[in-house]
Amino acid sequence: MQNIAISVRDLYFKYEKEYILEDINVDIYENEYVAIIGPNGGGKTTFIKLILGLLKPTKGEIRIYGKPPRLASTLIGYTPQNTNFNLDFPLRVIDIVLQGRIKKSKFYFSKEDRKVALEKLELVGMKELAHKKLKDLSGGQRQRVFIARALACEPKILILDEPTAAVDIEGQKSIYKLLRELKLTKLVISHDIKILLEGVNRVAYINRRLYMHDNLNLDITPQGHFCEIELLNAIRCDHE
Ligand SMILES: Nc1ncnc2c1ncn2[C@@H]1O[C@H](COP(=O)(O)OP(=O)(O)O)[C@@H](O)[C@H]1O
Ligand SMILES: [Mg+2]
């Protein structure tokens, strides 16, 4: 039996009157790579915020390695959607990654913190740029820095909310390649359905309800060409 990293049972959530998420049941296994897709406003970001313990279920239960989300925050590294960073602020790459080492009881960074931050930068291919200012990087490079920050707490689970939204095509490719190589449980929200060709194990389609699909077994030969319609057909996005 594989370990269950995230378990969601009978989850319902509403901000106001109307349910945004309904009747969600899913287990995510350790070391799985799950893509989360679905229409704008479908509830993807809300679902992730519930897993992170930033929101509380209206009904139902979420467990991260058996713990309630608010007790499991150190197990999850996260990059939010639209990291609207104030680029006028002269932050350097290494400072951003060190933010991932901040702990409640500590007010300074140790040698170990700096060592881990540099290791994570190396892992995402950004070590040489550690002392650059964030504003001097491309969208793709910035996203790598945020991934390094998410990894800096040495989490068991990595959750990325639209990591390729502000990234050009080449940058997107290299981020997908990096994600493929990272060995941990990964949940990646994407507006870009091409992610389905990037080695994900399962796909969660969220539009108020969650529909899980196993890996698609698509023919991804160099000749194989997929347009969005074919991909959407392959995961039968006709739930509504
Ligand atoms: N803080 C909030 N208060 C009220 N409604 C919200 C809030 N955040 C999101 N919503 C609504 O919840 C729905 C799902 O939003 P979201 O989870 O951001 O969707 P997605 O990430 O799939 O685009 C949308 O209708 C959105 O308007
Ligand atoms: Mg969103």
Side-chain angles (χ1 to χ4, degrees), residues 1-8 26-37 44 47-48 51-53 62-67 69 72-81 83 93-94 96-101 103 112-130 140-164 167 170-190 192-204 212-218 220:
M1 257 305 274
Q2 267 182 296
N3 274 341
I4 295 174
I6 302 170
S7 121
V8 179
V26 67
D27 288 329
I28 311 279
Y29 296 97
E30 192 162 66
N31 292 329
E32 257 200 304
Y33 182 4
V34 176
I36 300 178
I37 62 165
K44 302 180 295 299
F47 180 63
I48 290 308
I51 290 176
L52 291 164
I62 298 176
R63 288 289 176 269
I64 316 296
Y65 285 97
K67 294 182 187 172
S73 59
T74 57
L75 299 178
I76 305 181
Y78 164 62
T79 70
Q81 192 172 359
T83 0
V93 166
I94 184 73
I96 304 277
V97 181
L98 277 168
Q99 290 172 351
R101 301 288 302 174
K103 297 203 180 74
E112 172 73 7
D113 290 331
R114 286 176 198 281
K115 183 170 151 265
V116 173
L118 283 171
E119 276 168 20
K120 300 309 172 192
L121 277 172
E122 184 161 29
L123 193 62
V124 303
M126 293 286 297
K127 196 177 173 195
E128 269 64 57
L129 302 180
Q141 289 174 327
R142 258 176 230 153
Q143 198 58 49
R144 282 166 179 272
V145 175
F146 294 129
I147 293 172
R149 176 175 65 181
L151 293 171
C153 67
E154 310 210 284
K156 291 170 88 74
I157 302 169
L158 178 66
I159 300 183
L160 309 179
D161 196 344
E162 306 219 6
T164 58
V167 176
E170 278 312 302
Q172 290 180 8
K173 277 191 197 155
S174 79
I175 284 175
Y176 286 137
K177 180 162 176 287
L178 168 67
L179 290 177
R180 232 182 229 259
E181 290 163 359
L182 290 174
K183 297 277 175 278
L184 75 173
T185 310
K186 293 165 284 189
L187 261 61
V188 179
I189 297 182
S190 182
D192 170 16
I193 194 153
K194 286 196 300 301
I195 191 174
L196 303 187
L197 304 175
E198 297 293 341
V200 303
N201 300 118
R202 289 194 292 167
V203 184
M212 206 62 169
H213 298 273
D214 286 340
N215 66 355
L216 302 171
N217 297 319
L218 296 172
I220 317 173

Begin with the C-alpha distance, continue with both residues' side-chain angles, and end with the deciding distance and a verdict on side chain to side chain contact (heavy atoms under 4.5 Å, CB included) for Ile94 and Leu118.
CA-CA 7 Å; Ile94 184 73; Leu118 283 171; 3.9 Å; yes
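- In this structure, the side chains of Tyr78 and Pro80 come closer than 4.5 Å at one or more pairs of heavy atoms.
- Side-chain contact between Gln172 and Pro163 is absent, with no heavy-atom pair separated by less than 4.5 Å.
- Across all non-hydrogen atoms, the minimal contact from Gly77 to Pro155 is N-CB, 3.3 Å.
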Verdict with reasoning, Ile64 to Ile76, per side chain to side chain contact (heavy atoms under 4.5 Å, CB included):
CA-CA 9 Å; Ile64 316 296; Ile76 305 181; 4.2 Å; yes
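- Asp192 is listed as a side-chain neighbour of Tyr176, based on a closest heavy-atom distance under 4.5 Å.
- In this view, Ala204 and Val34, Ile36, Leu210, Met212 satisfy the side chain to side chain contact (heavy atoms under 4.5 Å, CB included) rule, not counting sequence neighbours.
- A 4.5 Å side-chain heavy-atom check between Val203 and Ile37 finds at least one atom pair inside the cut-off.
- Using a 4.5 Å heavy-atom threshold, the side chains of Leu98 and Arg114 count as touching.
- For the atom pair CG (Asp113) and SG (Cys153), the distance works out to 11.5 Å, reported to the nearest 0.5 Å.
- Closest heavy-atom contact between Asp27 and Val8: OD1-N, 4.3 Å.
- Here the closest non-hydrogen pair linking Ala130 and Val93 is O-CB, 3.4 Å.
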For Thr164 and Gln143, what are the C-alpha separation, side-chain angles and deciding distance, and is it a side chain to side chain contact (heavy atoms under 4.5 Å, CB included)?
CA-CA 8 Å; Thr164 58; Gln143 198 58 49; over 6 Å; no
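- The CD1 atom of Ile195 lies 8.5 Å from the CG atom of Leu160; values are rounded to the nearest 0.5 Å.
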Apply side chain to side chain contact (heavy atoms under 4.5 Å, CB included) to Glu154 and Arg101, showing your working.
CA-CA 9 Å; Glu154 310 210 284; Arg101 301 288 302 174; 3.9 Å; yes
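- Residue Phe146 holds its CZ atom at 12.5 Å from CD of Gln141, rounded to the nearest 0.5 Å.
- Side chain of Arg144 to backbone of Ser174: a donor-acceptor contact under 3.5 angstrom is found.
- Minimum interatomic distance between Arg202 and Ile28 (heavy atoms only, all atoms of both residues): NH2-CA, 4.1 Å.
- The two residues Ile51 and Pro69 make their nearest non-hydrogen contact at O-CB, 3.3 Å.
- For the pair Lys156 and Tyr65, the cation-pi criterion (under 6.0 Å, within 45° of the ring axis) is fulfilled.
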Kindly list each side-chain donor-acceptor pair under 3.5 angstrom involving residues 178-189, sequence neighbours excluded, with atom names and distances?
unit_1 : atom_1 : unit_2 : atom_2 : d
Arg180 : NH2    : Leu197 : O      : 3.3
Glu181 : OE2    : Lys177 : NZ     : 3.3
Lys183 : NZ     : Glu181 : O      : 3.4
Thr185 : OG1    : Asn31  : N      : 2.8
Lys186 : NZ     : Leu179 : O      : 2.6
Lys186 : NZ     : Leu182 : O      : 2.8

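- Considering only heavy atoms from C-beta on, Arg149 stays 4.5 Å or farther from Lys120 through its side chain.
- For the residue pair Tyr33/Glu198, the side-chain donor-acceptor check at 3.5 Å is not satisfied.
- Note that CZ of Phe47 and CG of Leu52 are 10.5 Å apart. Values are rounded to the nearest 0.5 Å.
- Counting only heavy atoms from C-beta outward, the side chains of Tyr29 and Glu32 approach each other to under 4.5 Å.
- Under a 4.0 Å N-O distance rule, the pair Glu119/Lys127 does not qualify as a salt bridge.
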